[in-house]
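Notes for the one structure printed next.
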Amino acid sequence: MQLPEPVERGSIADITVKRLQCAGAQVKDENLDKTIDVGFRVYKLATSNLKPWQPDAEDLEASILDAVDNVLPGRTEDDLLVKLLLKTGIDLTLPEEKRGVAGQTVYALGGGTLIVCLGNVGADSAEAVSQGIADWVSELDPVQTTVYFKDTGLGTNGNRAATKANLAAILRQRLGDRIAKIASI
């Protein structure tokens with residue numbers, strides 16, 4: 001039985017984080033001869049990172065133009081990555097690697113079964129990004145991989161469709177049947 005106890009400073013979540021950090025430090029101190037991962041992630045429930053579609057019947061053109069950039073202001077790549085994982089039903093504890101590819105941060109989850117690039121990939125860097133991703137997938141050697149990009153991060157000056165097509169063509173050419181899906185968030 002646990003007795004109720006008032007929390008004077010911080011929240012229960014803050015107390016839990018501090019306790020986990022102390023427990024992790026103790027485990028590491030007791031096992032100096034071993035490499036032990038005592039890391040953890042903390043998530044906060046928040047609204048979606050993506051704008052809901054709410055058309056204004058009086059000004060449909062403005063509604064469509066507003067929906068082109070579907071990411072809410074102030075959202076980070078980490079926010080979008082978590083949203084993508086939750087949206088696709090992928091476990092948040094899946095092993096994750098991060099690597100710089102042609103100036104972009106690219107995430108590989110589950111040994112390369114999921115590759116995610118949430119940066120701004122212009123038409124001029126699409127080939128370098130897709131070649132770098134293909135090299136990394138070949139190195140990780142998953143049976144199949146799914147690649148996600150941030151839709152609003154593709155192309156500039158109205159060339160989003162061409163940038164998407166170039167990325168997809170290079171990845172499919174280099175990786176063939178190993179590409180399960182190329183999509184965007």
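What you are looking at is a predicted structure, and each value in this text was computed from that prediction instead of being measured.
Applying the 6.0 Å contact sphere to CD1 of I12 captures no more than 12 heavy atoms from other residues, nucleotides or ligands. By the neighbour-count criterion of 12 heavy atoms within 6.0 Å, atom CG of D177 is sparsely surrounded, having that number or fewer from other residues, nucleotides or ligands. Annotation for Q144: atom CD counts as buried by contact number, over 12 foreign heavy atoms lying within 6.0 Å. Within a 6.0 Å sphere centred on CD of Q21, heavy atoms belonging to other residues, nucleotides or ligands number more than 12. Remark: E30 CD is packed, more than 12 non-hydrogen atoms of other residues, nucleotides or ligands lying under 6.0 Å away.
When atom types are taken as modelled, the side chain of R174 and the backbone of I133 share no donor-acceptor pair closer than 3.5 angstrom. Formation of a donor-acceptor pair under 3.5 Å by the T146 side chain with backbone atoms of A180 is not found in this model. Remark: side-chain polar atoms of D135 are not paired, donor with acceptor, to backbone N or O of G132 under 3.5 angstrom. The backbone N or O of L92 sits less than 3.5 Å from a side-chain atom of R41, completing a donor-acceptor pair. At least one donor-acceptor pair under 3.5 Å links the side chain of N31 to the backbone N or O of V27. Under a 3.5 Å cut-off, the side chain of S125 and the backbone N or O of A128 do not form any donor-acceptor pair.
Contact record, S130 with L171: O-CD2, 3.5 Å, taken as the closest heavy-atom pair. Of all non-hydrogen atoms in T163 and G155, the two that sit nearest each other are OG1-CA, 3.3 Å. Across all their heavy atoms, T152 and N120 have their closest contact at O-OD1, 4.4 Å. Taking all atoms of both residues into account, the shortest heavy-atom contact from P142 to V137 is CD-O, 3.3 Å. Taking every heavy atom of both residues into account, F149 and L118 meet most closely at C-CD2, 4.4 Å. The shortest heavy-atom contact between D151 and R160 is O-NE, 3.2 Å.
Side-chain contact between V106 and V116 is absent, with no heavy-atom pair separated by less than 4.5 Å. Considering only heavy atoms from C-beta on, E97 comes within 4.5 Å of W136 through its side chain. S138 has its side chain within reach of L175: a pair of non-hydrogen atoms, C-beta onward, lies under 4.5 Å apart. Residues E127 and N166 have side chains not in contact (no heavy-atom distance under 4.5 Å, counting atoms from C-beta outward).
There is a path of hydrophobic side-chain contacts, each under 4.5 Å, that joins L109 to I90. No path of Ile, Leu, Val, Met, Phe, Trp and Tyr side chains, each step under 4.5 Å between heavy atoms, connects I170 with Y148, placing them in separate hydrophobic clusters. Y43 and L94 fall within the same hydrophobic cluster, where Ile, Leu, Val, Met, Phe, Trp and Tyr residues are linked whenever their side-chain heavy atoms come under 4.5 Å apart, directly or through other members.
Each of L85, L114, L81 was scored for a side-chain contact (heavy atoms from CB on, under 4.5 Å) with E96, with one residue passing: L81.
Looking at S48 and K83, their side chains do bring a donor and an acceptor atom within 3.5 Å of each other.
The distance from the CD atom of E139 to the CZ atom of R99 is 4.5 Å, given to the nearest 0.5 Å. Between I179 atom CD1 and Q173 atom CD the span is 12.0 Å, to the nearest 0.5 Å.
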